[in-house]
Amino acid sequence: MIEKIPDLPDNVLGFAAKGTVTAKDYESVIIPEVERMFSRQNKVRFLYHLGEDFAGIDAAAAWDDTKLGLRHLTGWEKVALVSDVGWIRSAVRIFGLVIPGRVRVFHNRELGEAKRWIQE
C-alpha cells in the first residue's frame, strides 16, 4: 500500500510504502500524482519512505518504478529515499549516478532529515 505524505511543500511529492507494494499501487497512486506534478512544472522533488512496515515490492511495481524514473530522467531535481533495505538503497544510489538531479539515501531513523533536505 502507498500513502501520500501530507504537509510537504507544493514542489515536493512524498509517499510512504507499507506492506507489499504492487503495480496497482503505482498505477493508482504514484504515477497519476507524478504525472500531475510534471504537467505543472519541469522539475520535481520526490521523497519515498519504505519504513518498518514495508514488506517488499512485486516485479510489476518495480518495472513501473523504473519506467517512471526513466520517462522523466532529467526532471528529478531531488530524490530522497528513506529505507533500511540494503538492495533498494544500493539500487537508488546506482540510479542516482545516471540522473542529473541530486539523490540521497537515508535510513528510517533519518526521516526528519530527509524531509528537511528535500525541501532545501
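Values reported hereafter were calculated over all heavy atoms of this structure, with side chains retained and with hydrogens, waters and symmetry mates removed. It should be emphasised that the depicted structure is a prediction, and the values quoted were computed from it without experimental measurement.
Both Leu81 and Val98 are assigned to one and the same hydrophobic cluster, defined by single-linkage of ILVMFWY side chains at heavy-atom distances under 4.5 Å. Linking Ile, Leu, Val, Met, Phe, Trp and Tyr residues whenever their side-chain heavy atoms come within less than 4.5 Å leaves Val12 and Phe15 in two separate clusters. Hydrophobic cluster membership is shared by Phe38 and Val103, with clusters built from Ile, Leu, Val, Met, Phe, Trp and Tyr side chains linked at under 4.5 angstrom. Hydrophobic clustering, with ILVMFWY side chains joined whenever heavy atoms are under 4.5 angstrom apart, groups Val79 together with Val105. No path of Ile, Leu, Val, Met, Phe, Trp and Tyr side chains, each step under 4.5 Å between heavy atoms, connects Trp63 with Leu68, placing them in separate hydrophobic clusters.
For Glu113, the side chain to side chain donor-acceptor pair (under 3.5 Å) partners at least two apart in sequence or on another chain are Arg104. By the side chain to side chain donor-acceptor pair (under 3.5 Å) test, Arg36 pairs with Glu33, sequence neighbours left out. Remark: Lys43 engages no residue in a side chain to side chain donor-acceptor pair (under 3.5 Å) (not counting sequence neighbours). Under the rule for a side chain to side chain donor-acceptor pair (under 3.5 Å), Asp58 has no partner lying at least two apart in sequence or in another chain.
Of the inter-residue distances, the one linking Trp76 atom CH2 with Ile99 atom CD1 reads 8.5 Å to the nearest 0.5 angstrom. Distance check: Arg116 CZ to Leu111 CG gives 9.5 Å after rounding to the nearest 0.5 Å. Note that the CG atom of Asp65 and the CZ atom of Phe95 stand 8.0 Å from one another [nearest 0.5 Å]. In this structure, the separation between NZ on Lys67 and CD1 on Ile31 is 7.0 Å, given to the nearest 0.5 Å.
Pairs engaging residues 7-25 under the salt bridge (charged side-chain N to carboxylate O under 4.0 Å, His left out) rule: Glu3-Lys18 [sequence neighbours left out]. The side chain to side chain donor-acceptor pair (under 3.5 Å) pairs that include a residue from residues 78-102 are Asp84-His107, Asp84-Asn108, Arg89-His107, where partners are two or more places apart or lie in different chains.
Shown here for Ile118 and Arg45, the closest heavy-atom pair between the two residues is O-NH1, 2.8 Å. When all heavy atoms of Tyr26 and Pro32 are compared, the closest pair comes out as O-CD, 3.8 Å. Counting all heavy atoms, side chain and backbone alike, Asp64 lies closest to Glu27 at OD2-OE2, 2.9 Å. Across all their heavy atoms, Ala60 and Ala23 have their closest contact at CB-CB, 3.6 Å. For the residue pair Ala80 and Phe106, the shortest heavy atom distance occurs at CB-CE1, 3.9 Å.
Looking at Ile2 and Tyr48, their side chains come closer than 4.5 Å, going by heavy atoms from C-beta outward. Taking the side chain as every heavy atom from C-beta outward, Val82 and Glu110 never approach each other to under 4.5 Å. Between Val44 and His72 the shortest side-chain heavy-atom distance does not fall below 4.5 Å. In this structure, the side chains of Trp117 and Leu47 stay at 4.5 Å or more apart for every pair of heavy atoms. Between Lys115 and Ile5 there is a side-chain heavy-atom pair separated by less than 4.5 Å. With a 4.5 Å cut-off on side-chain heavy atoms, Val34 and Phe46 count as touching.
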